[in-house]
Amino acid sequence: MKPRKMRDGVHWLGAVDWNRRLFDSLIPLPDGTSYNAYLVEGSEKTALIDAVDPLLLDMLQRQLAHVKRLDYVIVQHVEQDHAGGIPWVLEKYPDAKLLCSPMAKDLVVTHLHVSEERIQTVADGETLSLGNKTLTFVHTPWVHWPETMSTYLAEDRVLFSCDFLGSHIASSALYSGTDPRVLEAAKRYYAEIMMPFRTMVRRNLKKIRELDFDLIAPSHGTIHDHPELILNAYEDWASDRVSNSVVIPYISMHGSTELMVNHLVAALAERDVRAHKFELTTTDTGKLAMALVDAATIVIGSPTVYVGAHPLVYSAAYLANTLKPKAKYAAIIGSYGWSTKVVEQITGLIPNLKVEMLGTVLCKGLPREATLAELDALADAIQAKHTELPA
Ligand code: FEO
């Protein structure tokens with residue numbers, strides 16, 4: 001794709017990666033992604049903001065073929081999908097200075113092997129004149145690495161936000177418009193990448209709210225030309241508000257745990273509590289992460305493998321602990337063969353979840369009426385807690 005004009009002297013560069021299906025060898029990308037770079041040409045100086053993943057560096061190389069001079073290369077974030085192409089850019093433009101946050105300097109040296117002499121750090125709020133355009137560097141740490149920053153172009157009312165407010169979506173459209181698929185992809189991205197840093201997300205949202213912009217240009221996905229949509233969505237996702245819903249990641253080996261999960265889902269439905277089942281051999285991890293964004297309760301369902309949790313449940317519990325969703329309540333259910341330590345094991349895996357345990361329902365073998373009654377009681381307890389939630 002050729003450079004695309006956003007404003008006079010401001011162009012999108014980069015690569016749309018339609019075919020990528022996995023990120024970090026972990027995160028599913030059902031809609032592909034893009035690696036966005038931006039070229040800002042002032043009357044006196046020119047700056048490139050970020051680069052692309054080395055996988056598609058040839059696209060950036062073609063876009064820069066006719067750009068004779070770069071004065072500044074701004075690295076907002078050092079992760080490879082944006083900064084991996086930076087060494088090539090610095091080689092092509094030997095006089096260009098690399099600008100980054102102080103926290104990023106060591107990461108640029110260690111991850112990209114750039115010599116320290118090429119690097120100039122920029123303070124929070126520092127400005128850089130390109131002549132008739134002025135860039136202001138806005139430190140936005142922990143969205144999602146400690147060194148991340150955004151860049152504000154006042155004259156054109158554009159905020160370049162890097163990963164923050166981005167989405168893994170491949171599109172031939174330059175702008176998000178009001179396409180609901182973009183918000184869906186942005187929620188998935190938030191859930192997988194930003195959710196562990198909810199407090200910092202809120203702090204950074206407040207900080208960028210003080211700026212006056214019409215466009216938010218992230219480093220993944222389309223450019224937000226209705227900024228309120230993504231800002232409001234982020235403010236909701238990162239808030240303390242939880243919904244009247246229960247997420248149930250589970251495995252069943254011979255059907256008993258499945259019976260228990262199904263009974264609980266039906267019991268919750270009868271009590272007007274929404275339940276989301278995630279059978280872990282077939283679950284899209286991103287869908288599970290999205291459901292965790294605002295669920296009030298997590299119920300983990302596991303059979304017992306020897307005396308421990310099923311490894312896929314173990315993995316899901318570890319992931320949930322890493323993502324630190326804002327759920328307030330939890331429970332553990334499952335069937336076992338002759339003995340089990342599932343509860344002790346899973347409880348030990350989720351110390352980051354600040355949840356009140358609402359109980360456990362374990363069943364030796366195939367569930368009988370007594371177990372189903374215990375599940376009804378669990379549904380009662382969940383409903384009672386959800387009723388107390390602020391509107
Ligand atoms: Fe898109 Fe954290 O890199």
Side-chain angles (χ1 to χ4, degrees), residues 22 24-28 191-192 195-196 245-268 275-292 295-379 381-382 385:
L22 197 61
D24 288 346
S25 299
L26 174 67
I27 296 168
E192 294 163 335
M195 190 156 64
S245 66
V246 179
V247 170
I248 312 176
Y250 76 99
I251 283 286
S252 188
M253 290 159 62
H254 297 291
S256 293
T257 302
E258 177 93 45
L259 274 173
M260 295 172 71
V261 168
N262 287 343
H263 187 88
L264 180 63
V265 168
L268 289 168
H276 301 270
K277 275 177 66 176
F278 291 96
E279 198 283 319
L280 292 170
T281 65
T282 55
T283 284
D284 168 345
T285 315
K287 288 265 189 199
L288 173 58
M290 285 168 75
L292 288 171
T297 300
I298 303 170
V299 176
I300 298 174
S302 182
T304 294
V305 178
Y306 299 108
V307 292
H310 190 285
L312 291 179
V313 175
Y314 198 99
S315 172
Y318 177 83
L319 181 69
N321 186 63
T322 303
L323 295 178
K324 299 184 191 168
K326 57 189 172 187
K328 296 184 180 307
Y329 310 105
I332 298 168
I333 66 174
S335 164
Y336 61 95
W338 59 91
S339 180
T340 185
K341 293 212 178 296
V342 160
V343 172
E344 298 91 312
Q345 194 181 57
I346 292 177
T347 305
L349 283 170
I350 52 174
N352 289 340
L353 303 189
K354 304 303 174 204
V355 289
E356 177 187 344
M357 291 301 288
L358 297 183
T360 61
V361 180
L362 296 180
C363 164
K364 190 171 183 178
L366 193 61
R368 295 177 187 273
E369 285 304 317
T371 298
L372 302 183
E374 282 185 68
L375 291 166
D376 289 333
L378 175 60
I382 292 170
K385 290 292 185 184

Taking every non-hydrogen atom, the tightest pair across P196 and K324: O-CD, 3.9 Å
Could you walk me through whether V246 and H276 pass the side-chain contact (heavy atoms from CB on, under 4.5 Å) check? CA-CA 6 Å; V246 179; H276 301 270; over 6 Å; no
Closest non-hydrogen atom pair between G255 and S252, with its separation: N-OG, 3.1 Å
Picking from T283, L280, V305, what satisfies side-chain contact (heavy atoms from CB on, under 4.5 Å) with I251? L280
Checking D284 side chain against G286 main chain: does a donor-acceptor pair fall under 3.5 Å? yes
Is the backbone of V313 close enough, under 3.5 Å, to the side chain of S302 for a donor and an acceptor to pair up by distance? no
Compare every heavy atom of L268 with every heavy atom of A275, then report the nearest pair and how far apart it is. CB-CD1, 4.0 Å
Distance-minimising heavy-atom pair for L372 and P367: CD2-CB, 4.4 Å
Is it true that E279 and T281 share a donor-acceptor pair across their side chains at a distance under 3.5 Å? yes
What distance separates M260 CE from I333 CD1, expressed to the nearest 0.5 Å? 5.0 Å
Rounded to the nearest 0.5 Å, how far does OG1 of T285 lie from CE of M290? 12.5 Å
Which pair of heavy atoms, one from V247 and one from A291, lies closest together, and at what distance? CG2-O, 3.5 Å
Would you mind listing every side-chain hydrogen bond (donor to acceptor under 3.5 Å, both in side chains) that reaches into residues 354-378, with sequence neighbours excluded? H263-D376, E356-K385
Distance, nearest 0.5 Å, that separates NZ of K277 from CD1 of I248: 8.5 Å
Is the backbone N or O of Y318 less than 3.5 Å from a side-chain atom of T322, with the two atoms forming a donor-acceptor pair by type? yes
Just so I know, are the side chains of Y314 and L349 near enough to count as touching, which here means a heavy-atom distance under 4.5 Å? yes
Measuring from atom CD of Q345 to atom CD1 of I332, what distance do you get when rounded to the nearest 0.5 angstrom? 10.0 Å
One should read off an interatomic distance between F278 CZ and I298 CD1, to the nearest 0.5 angstrom, of 11.0 Å
Determine which pairs satisfy salt bridge (charged side-chain N to carboxylate O under 4.0 Å, His left out) with at least one residue from residues 331-346, sequence neighbours left out, and list them in order. none
Closest non-hydrogen contact found for L378 with A331 is CD1-CB, 3.8 Å
Quick check: does any side chain N or O of T304 sit under 3.5 Å from a backbone N or O of Y336, one acting as donor and the other as acceptor? no
Nearest-0.5 Å distance that lies between atom CG in L264 and atom CG in L259: 12.5 Å
Do V307 and V342 make a side-chain contact, defined as non-hydrogen atoms from C-beta onward lying under 4.5 Å apart? no
Apply side-chain contact (heavy atoms from CB on, under 4.5 Å) to Y250 and V261, showing your working. CA-CA 8 Å; Y250 76 99; V261 168; 3.8 Å; yes
